[in-house]
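Inspection log for the structure reproduced underneath, given as structure tokens.
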Amino acid sequence: MSSEQVIRTVPHRTNTQGGASFLGRLFHASELPRRAFRSMGTVATVTVRTDYAERLAAVTEHIRKIFDRLESKMSAYRADSEISLLSRMGGVEPISVSEDTDTVLSLARHFGGLSAGAFDSTAGPLMRLWGFNGAQVPPVRPSEQAVREVLKLVDYRRLTIQDGTAFLPVKGMEEDVGGIAKGYAVDLAYDYCLSVGIRNFLIDFSGNVRASGRPEWGTEWQIGVRNPFDRSRIIGKIALPGGTALATSGSYERYVEIAGARFSHIIDPRSGYPATGTASVTVLCKDATTADALSTAFFVVGACGAHALLEKVPSAELLIVPDTYPMELLLTQGLRETFAPAPEVRSRVLSPKS
Ligand code: ADP
Ligand code: MG
């Protein structure tokens, strides 16, 4: 394998930043009490309104434990996780799963149906074929035949979840909840904060964000969306109302290069090939689990398929940056009102023709 053939892989564990990040508007972000920690190979931050500052350390520690607990159950990188066991026992026998895993698997299947298979948490074998999830990056693009063979192992409808057990019917099938687990983690952290009386906070787990209340009186939480073509810049800011969530999926964070071509870590489970045509997708909706799954699904269907999917989730707001030059932003009408584009950025409302 020559160095030209495999130029670069960006392994999951070095992915430290998501597509969105918290930014202040009428105040500096750094003025607010904030703590960060690492979990699931990436970084999470918890920001609270000033009057909760004294409780921040204890609250963050508790959230870290929640995230670590979820990672130990659901990581595709840990041989002893429930998800890895589920994959190993494919075609053998059902395994018992915890309530967390049961919930995430059920939600993953739900989003599979909603997106007509654009979101598919059984895409694990395809991830591996394309050099992700710890697999070696193939020196050459997999053959059509290889893609077709592996595709036979991918179908979210074949996962059985029943009475606290889960089962994949065919040996070689593999579950990968990487497109939804961080959002679920954020929702659990959100519920926890509310349960202990913290009312004004923002949790950001690698671009999966959920906010509550306000950063200070008369302001709203502002989320900067990263420019997918220049990570040092933002393309604009979104005001995030308390209670709602936002997630960004981008092809610029994690990808492999095979024979000089770059392939994204989001795979189109309908074709078996890495999704193309989209640079980043940001979804704003009611909870972080939905935002996470939908950002992955919209990344797969792209601007062309966005309208059909939006009809199924009319309350979601969407910002798509197609992988084209010059950069253009496509937004749903509702987001137009809360999105403040950077001055140099051209944006237009997503229309059925786009
Ligand atoms: P990130 O995890 O980088 O923030 P996403 O939330 O978009 O980005 O999730 C991408 C992850 O989802 C991949 O790393 C993989 O684990 C999984 N995945 C890839 N393609 C799909 C797909 N079509 N449906 C569901 N999950 C997917
Ligand atoms: Mg996602």
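The first residue in the sequence is number 1, and the count goes up from there. What you see is a predicted model, and the numbers here were worked out from it, not measured in a lab. We count ligands from 1, going down the list as the structure has it; atoms in each ligand are counted the same way.
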N or O contact, Ile267 vs ligand 1, cut-off under 3.5 Å: yes
Shared hydrophobic cluster for Val313 and Leu350 (ILVMFWY, side-chain gaps under 4.5 Å): yes
Side-chain donor or acceptor of Ser212 paired with backbone N/O of Arg199 under 3.5 Å: yes
Shortest reach to atom 11 (C) of ligand 1 by a heavy atom, considering only Gly178, Ser280, Ala275: Gly178
Asp204 versus Thr45, side-chain donor and acceptor atoms under 3.5 Å: no
Where ligand 1 meets Ser249 - atom numbers and elements under 4.0 angstrom, heavy-atom basis: 5 (P), 6 (O), 7 (O)
Pair Phe67 and Phe205, ring centroids less than 6.0 Å apart: yes
Ser206, any N or O under 3.5 Å of ligand 1 N or O: no
Arg210 bridged to Asp187 by N-O distance under 4.0 Å: yes
For atom 27 (C) of ligand 1, the option (of Thr296, Asp292, Asp268) bearing the nearest heavy atom: Thr296
Any residue meeting ring pair (Phe, Tyr, Trp, His ring centres under 6.0 Å) with His62, in chain and number order, not counting sequence neighbours: Tyr192
Close approach of Ala293 to ligand 1, heavy atoms, under 4.0 angstrom: no
For Glu344, all residues meeting side-chain hydrogen bond (donor to acceptor under 3.5 Å, both in side chains), sequence neighbours excluded: Arg233
Geometric N/O contact Asp176 with ligand 1, under 3.5 angstrom: yes
Tyr273/Phe263 aromatic ring centres below 6.0 Å: no
Which of the ligand 1 atoms, numbered from 1, are nearer than 4.0 Å to a heavy atom of Val300: 23 (N)
Any Phe299 heavy atom less than 4.0 Å to ligand 1: no
Metal site angle (apex the Mg ion (ligand 2)), OD1 from Asp292 and O from Gly179, 10 degrees: 70°
Thr296 near the Mg ion (ligand 2): N/O/S under 2.8 Å: yes
Contact atoms of ligand 1, heavy-atom distance to Ala118 under 4.0 Å: 22 (C), 23 (N), 24 (N)
Residue selection (non-hydrogen contact nearest atom 12 (O) of ligand 1) among Gly179, Pro269, Gly112: Gly179
salt_bridge(Glu82, Lys73) N-O dist < 4.0 Å: no
Donor-acceptor side-chain pairing of Gln145 and Arg148 below 3.5 angstrom: yes
Ligand 1 atoms in contact with Lys182 (distance to a heavy atom under 4.0 Å): 1 (P), 2 (O), 4 (O)
Identity of the nearest option to atom 8 (O) of ligand 1, non-hydrogen atoms only, from Arg270, Met40, His265: His265
Polar contact flag, side-chain donor to acceptor under 3.5 angstrom, Asp120-Thr122: yes
Under-4.0 Å heavy-atom contact with ligand 1, by part of Ile266 that carries it: both
For Met127, atoms of ligand 1 separated by under 4.0 Å from a heavy atom: 13 (C), 14 (O), 15 (C), 19 (C)
